[in-house]
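As structure tokens, the structure follows; a few thoughts come after it.
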Amino acid sequence: MDDKFTKPYDPKSTEDRIYTVWEQSGFFNPDNLPARHKEPFTMIMPPPNANGDLHVGHALFITVEDIMTRYKRMQGFKALWIPGADHAGFETQTVYEKKLEKEGRSRFKMDRDELYKEIYDFTIKNKATMENQVRKMGASCDWSREKFTLDNDVVLRVGETFKKMYDDGLIYRGNGMVNWCTKHQTSLSDVETETKEINDKLYYIKYGPVTVATVRPETIFGDVAVAVHPEDPRYKSLVGTTITVQNPNGELSLKVVGDEIVEREFGTGALKITPAHDKNDFELATRHHLPSVEVIDQFGKLNEKAGKYAGMKIAEARKLVVEDLQTMGLIEKIEDYLHPVPTCYKCNTSIEPRILPQWYVKMKPLADKALDAYNAGKLTFYSENYGKIFSYWMSNPIDWNISRQIVWGIKIPAKICTKCGHGFPDLENTAVKCQKCDGEIVADTDTFDTWFSSGQWPLIALGFPDGKDFLERYPTDVMETGYDLIFKWIPRMVIFGLYLAGDVPFKNIYMHGLVNDAKGKKMSKSKGNVINPLDMTEKYGTDALRMALVVSNPPGSDTALAENKIKGYKNFANKVWNVARFIFSNTEGVTADDSKISTDADKALMAEFAELTKDITSDFDEFRFHLASEKIYHYVWHRFADVILEESKNIFSGEDLKAKTSRQHTILSIFTQSIKILHPFMPFVTEEIWAYIPKEKETLLMIESWPKSD
RNA sequence: GGGCGGUUAGCUCAGUUGGUAGAGCGCAACAUUGACGUUGUUGAUGCCAGAGGUUCGAGUCCUCUACCGCCCACCA
């Protein structure tokens, strides 16, 4: 036997070497695959953020996607898995801001271009690190087609889409209530906010003839009305009148309006209306044609409209306003009040609703198409309950604010009129006057929400509208991503796919869950229970980590990952290794030939294995990798090794030559096929063993054909 | 308030179309230079959350209840 066939199996001396062989073979690129590979199979990798190390969630998605790709490749498809890297707009800028903070610097004191350049360099450096970590996981993706979300063609395509949507009346500029983060100085989409339960006070303020309840007394200088329920007998007579109310800065005249939105049971049933600083109030004010008065600025400080409170931060102003109101005898009572408050998902700062001119995407017509496609069965979700969530979300679309006041991203190619506020796309940067009023124009300094560009990712990655890959491979076969993106990303890709290409971007959607710790608790740095995938591959090998991530982990649900589980699969890799050693030492000079299998017992073993292969193949086809992996694991260890090989020992030491020969061919055949089935899960150890299996000519296991089951 | 899921062995979880309960880890006893001690053999532990229903048959389908988790949300 080969001297290199040492014991035990050593992933460290194997994995990098094998990955290099694969990469150099060119077979990650489907264009180089042998002629038997005909039909396309296509998957786009959700581009990992190029702003830090891979975490165990990345390890999971790379594993699952690589399993699909390797399986399809072996089945004879022209399998293509396109990798990418995401500049991750706000995400990366947040990471970089933290870095600046540590260095005692601030982005607000930096020149825009200088900041962009710094973040660019930071990202490109991290991108290379990220790519190598993806390789470490064994990903068989086509690096020659890799795309970065800030590549020139991406920027151009995104700009063109913006213009097309504007021309089609699907994008408008408007004053809307935005979720403003006073720390990050940008607006956020609804999905970028997190609702937190906050302990506040509910203040009952005597307001002329009524009493209103509010948690934000500091905004009373921006009040424009009092709202009550139109059918509320207590206030019915006041509706339509104007009342005079007192505040520490003097008197205000406020209209009383009736609106169904007011809950009669809550507080006093009367509500002060501050359109500039509350989403509800803004909408109500729009319905009743009320003006809005801004009293809080972008930094979360009160402005000159607040009189003597001008310049104060919200918390400070609230305290003083309440004290002053108390002095004036206007506070009726104060209650403790636990209520949900939207916060910035990055820094937990309470969102300050503001009215700002922003670009919006009109979602209804787009979402309707997405819903139709889903109802027509063009999208299959794994697990299927995500289809319900998708459908619910698409049935209740809200217009999408795509403007972000951050530097790190794709600039919105538009001009804004300083006179009339009109905004319009200007891709060539040639406009000099406002289209509407001939006024002065300035370039929009905002950038697109990341999801505006990443929503077009499947199209862009394939070279829409006329690229060869796009023409041959759209729609793609599978999109595999985390279930947290069911709102953020999946709907946008579907919408853009339907809008731009007239078809869904993918037929199947496989959603993976979170990887939690051994106790099923969420991993977090503060809890100290984070498992670093790179440590695990170092300690137990990539194959072991991959198995641990996929066994017992069905699509759509969270999984618990214990280090012991990974260790268990390292043992399994070693077991497979030793099975190989046993078989090779008992079949020297033999090349597998099924026609030499002659005993009934062996034929039965072959039939049993064929049955298993059939079963596992259908698991693969139905995305049940959690079952397929467990079945082959169980078979190889507890059926093949524990039972079949044990009884083979007796046959090999016996006198029956015919039985001996038959058994040699049987175990060689079954083992060879088992290695193939294991390959998508444990690509390294199986490829390494493959090299030792006697065969007519040297090939790579990664392009071998999948075992037949019929 | 709305939506989605979960409740199966000590722990973490599988269980695809309804057909006499499974895995990993853990536990107990035994074996030992055998391909493998990163091993093998044997074993213990489950009224599959509770109640009702459909069925020849339910962990699996239906209804209700209880508890747990996640997501969404404009009662100030």
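Quantities reported herein were computed from a predicted structural model and do not represent experimental measurements. Below, read A as the first sequence line, B as the second, and so on, with proteins coming before strands; counting in each chain starts at 1.
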Map A:G269 and A:I398 onto RNA chain B by nearest heavy atom, then report which one ends up closer to the 5' terminus.
->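 So the residue in question is A:I398.
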Could you pick out which residue, A:Y633 or A:D558, lies toward the 5' side of RNA chain B when each is mapped onto its nearest nucleotide?
->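 Here A:D558 is the residue nearer the 5' end.
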From the options [options], select the nucleotide whose nearest atom is closest to the side chain of [X].
{"X": "A:A213", "options": "B:rU12, B:rA76, B:rG5", "answer": "B:rA76"}
{"X": "A:L271", "options": "B:rC4, B:rG15, B:rA76", "answer": "B:rA76"}
{"X": "A:L627", "options": "B:rG15, B:rC75, B:rC4", "answer": "B:rG15"}
{"X": "A:N571", "options": "B:rG2, B:rC71, B:rU39", "answer": "B:rU39"}
{"X": "A:W637", "options": "B:rG40, B:rA35, B:rG5", "answer": "B:rG40"}

[X] near the nucleic acid: base, sugar-phosphate alone, or nothing, with a heavy-atom cut-off under 4.0 Å?
{"X": "A:V262", "value": "base"}
{"X": "A:K649", "value": "base"}
{"X": "A:E265", "value": "nothing"}

Taking N and O atoms by type only, does the side chain of A:K575 place a donor or acceptor under 3.5 Å from a partner on the base of B:rC36?
->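 Under the 3.5 Å cut-off, the side chain and the base do form a donor-acceptor pair.
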Sticking with atom P, work out how far B:rG22 lies from B:rU45, rounded to a whole angstrom.
->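 Pairwise P distance, B:rG22 against B:rU45, rounds to 14 Å.
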Between B:rU54 and B:rC13 - P atom distance, rounded Å |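 To the nearest whole Å, 35 Å.
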Presence of A:H339 side-chain N/O under 4.0 Å of B:rG1 phosphate oxygens OP1/OP2 =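 Checking A:H339 against B:rG1: no side-chain N or O falls below 4.0 Å of OP1 or OP2.
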A:Y203-A:E332 side chain donor-acceptor pair, cut-off 3.5 Å =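 Short answer, no.
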Answer yes if the side chains of A:K272 and A:T219 hold a donor-acceptor pair under 3.5 Å, and no otherwise.
->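 There is such a pair between these side chains.
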If you draw a 6.0 Å radius around NZ in A:K567, do more than 12 non-hydrogen atoms from other residues or ligands fall strictly inside?
->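 Open.
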B:rG3 P sits how many Å from A:M394 CE, rounded?
->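 So the two atoms are 18 Å apart, to the nearest Å.
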Centroid separation A:F620 to A:F681 less than 6.0 Å |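 Yes, ring centres under 6.0 Å apart.
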